[in-house]
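Heads up, the thing below is written out as structure tokens.
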Amino acid sequence: MKEIKFILNGKEVSVEADPLKRLLDVLREDKRMTGVKEGCGEGECGACSVLMNGVLVNSCMIPLGAVEEAEIVTPEGIRETEKGKLIIDAFGDAGAVQCGFCTPGMMMATEALLTINKTPEEEEIREALSGNLCRCTGYDLIVKGVQIASERGKDLW
Amino acid sequence: MVDSYRPKDLKEALSIRAEHGAMPLAGGTDLMVRYQSWTGTLPLFKNSIMFIGHLKEMKYIKKEAKDKTSTLVIGGTATLTSVANHPETPVVLKEAVLSIAAPALRNNATLTGNICNASPAGDSICALYALDAVIVIEKTGSRREVPITEFITGPGRTVLAESELVTAIKVPLKASSVNNFTKVGTRKANALSKLSFTGVADYKNGRVDSIALTFGAVGPTVVRSVELEKKLKGLSGSEIETKISAILEDYSTVIVPIDDQRSSAVYRKKVALNLLEKYLRELSRHE
Ligand SMILES: Cc1cc2nc3c(=O)[nH]c(=O)nc-3n(C[C@H](O)[C@H](O)[C@H](O)COP(=O)(O)OP(=O)(O)OC[C@H]3O[C@@H](n4cnc5c(N)ncnc54)[C@H](O)[C@@H]3O)c2cc1C
Ligand code: FES
Ligand code: FES
């Protein structure tokens with residue numbers, strides 16, 4: 001056990017745990033951030049997506065010790081922001097959410113994409129979401145959701 | 001439960017390596033999956049672990065020029081994303097890196113992790129063989145450089161000693177006008193290679209001046225035949241065209257793939273030779 005400090009959704013937090021514990025488990029169990037989902041646990045599905053120092057990563061493959069001093073943002077951290085609300089509404093209007101399991105990860109991937117590319121082409125959207133699996137929608141509606149978010153959010157990102 | 005270390009700099013990392021032989025963990029995308037256990041429980045590492053992904057001294061990519069030759073030096077903790085985005089990265093390496101998994105994984109995984117993992121299906125390895133990459137290895141008080149062909153000794157095996165770390169990968173930047181990296185997988189994202197191919201070549205005065213052809217995932221390590229490449233040097237485009245079937249025959253003796261869960265040997269060999277043929281045709285048209 002060790003005390004490890006990092007920044008979670010803008011606030012400094014400290015966690016007492018084994019540094020080898022997966023960030024995914026730390027977020028869900030110690031921090032009750034259950035917007036972070038576990039799908040595969042091996043880097044294939046993107047349900048566990050979070051931002052680490054501003055870029056998209058899979059929290060199931062990151063041990064706690066590797067995030068010391070890093071900035072982590074979870075779906076809870078963007079949900080209440082203007083950008084987060086805009087993505088949620090855009091997904092809703094596009095019909096991009098069915099069972100919703102993949103949605104938090106898809107939203108994180110969308111936020112990460114629009115941060116580096118405000119007006120992505122369809123191909124670029126598909127590439128940006130290529131690490132996020134969805135069993136329900138067939139992806140087209142999610143791509144539509146990202147397009148709507150990009151149109152409405154021109155002045156935000 | 002095993003110990004874990006978080007060195008503050010490279011110097012401390014090397015002394016932890018010397019003292020405890022702790023296994024370096026950079027992006028963790030190989031290690032955390034290889035040793036994963038049940039949800040909510042710790043990964044089942046057998047030895048102590050040392051986090052190195054945060055070490056800033058190795059998180060760089062820079063171009064070095066010396067006596068008319070330039071080299072891209074990629075630091076030991078540079079991520080795949082940073083390699084793909086660097087303007088000087090040779091196109092075959094860029095394409096190989098972009099063929100690995102998906103953005104979230106590439107943002108955290110390192111190029112060094114990909115070569116140290118030494119998987120026969122490691123996509124960057126195929127390109128790095130063709131580019132004559134050199135691996136910089138350090139331990140406390142000493143440093144050595146090893147060509148990638150000698151660095152990797154078998155599937156999952158390298159020459160790295162327990163006290164050492166890879167601190168950089170050097171990629172010579174050479175003129176190259178006909179470049180191709182192709183990966184054959186089951187789908188675009190997150191698929192391990194059934195097979196990969198890299199070709200780089202350059203003409204001078206209408207004759208092949210340099211050429212390298214490598215095949216990944218067809219054997220225990222990447223396949224490259226310097227002898228067969230020598231036979232291609234000095235040929236013109238039209239000479240290459242007339243020799244294509246002879247060249248394919250030569251290569252069919254060095255490409256001896258295996259069957260595994262991802263693909264069969266017969267399929268791999270056929271596809272490897274098809275990719276080579278396609279590349280040779282392109283090459284013959286360029287001169
Ligand atoms: C879903 C998924 C898809 C994948 N797809 C591909 C793919 O398409 N192609 C492909 O080639 N790979 C793929 N991989 C494998 C993996 O992501 C890559 O090999 C990656 O580059 C490893 O980098 P890392 O920093 O995460 O390595 P880590 O897991 O941190 O380390 C890997 C190995 O390298 C050693 N190591 C790391 N850094 C150093 C150093 N500086 N000195 C000495 N040893 C070191 C570690 O000890 C370990 O043995 C995939 C993995 C997953 C989970
Ligand atoms: S749970 Fe992390 S990628 Fe699937
Ligand atoms: S909406 Fe069900 S998995 Fe995507």
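No experiment lies behind these values; they were computed from the predicted model shown. Below, read A as the first sequence line, B as the second, and so on, with proteins coming before strands; counting in each chain starts at 1.
Listed by sequence position, D18(A), P19(A), L20(A), K21(A), R22(A), D25(A), E29(A) are the residues of residues 10-34 of chain A in contact with chain B, using a 4.5 angstrom heavy-atom cutoff. Within residues 39-54 of chain B, the residues having any heavy atom closer than 4.5 Å to a heavy atom of chain A are T39(B), G40(B), T41(B), L42(B), P43(B), F45(B), I49(B), F51(B), listed by residue number. Heavy-atom proximity under 4.5 angstrom to chain B picks out nothing from residues 140-157 of chain A.
Under the ring pair (Phe, Tyr, Trp, His ring centres under 6.0 Å) criterion, Y5(B) pairs with H20(B), sequence neighbours left out.
The pair E127(A)-R106(B) counts as a salt bridge, with a side-chain nitrogen and a carboxylate oxygen less than 4.0 angstrom apart.
Contacts between E38(A) and chain B at a heavy-atom distance below 4.5 Å involve the side chain alone, from C-beta outward. L31(B) does not touch chain A: none of its heavy atoms, backbone or side chain, sits under 4.5 Å away. Contact annotation for T29(B): both backbone and side-chain heavy atoms come within less than 4.5 Å of a heavy atom of chain A.
Nearest heavy-atom pair across V33(B) and M61(A) is CG2-SD, 3.7 Å. In this structure, N107(B) and L56(A) approach most closely via the heavy-atom pair ND2-O, 2.8 Å.
In terms of heavy-atom pairs under 4.5 Å with chain B, the best-connected choice from E69(A), E42(A), E68(A) is E68(A).
Looking at heavy atoms from C-beta onward, V55(A) lies out of side-chain contact with T81(B) at the 4.5 angstrom threshold.
Within a 6.0 Å radius of NZ in K139(B), other residues, nucleotides and ligands contribute 12 heavy atoms or fewer.
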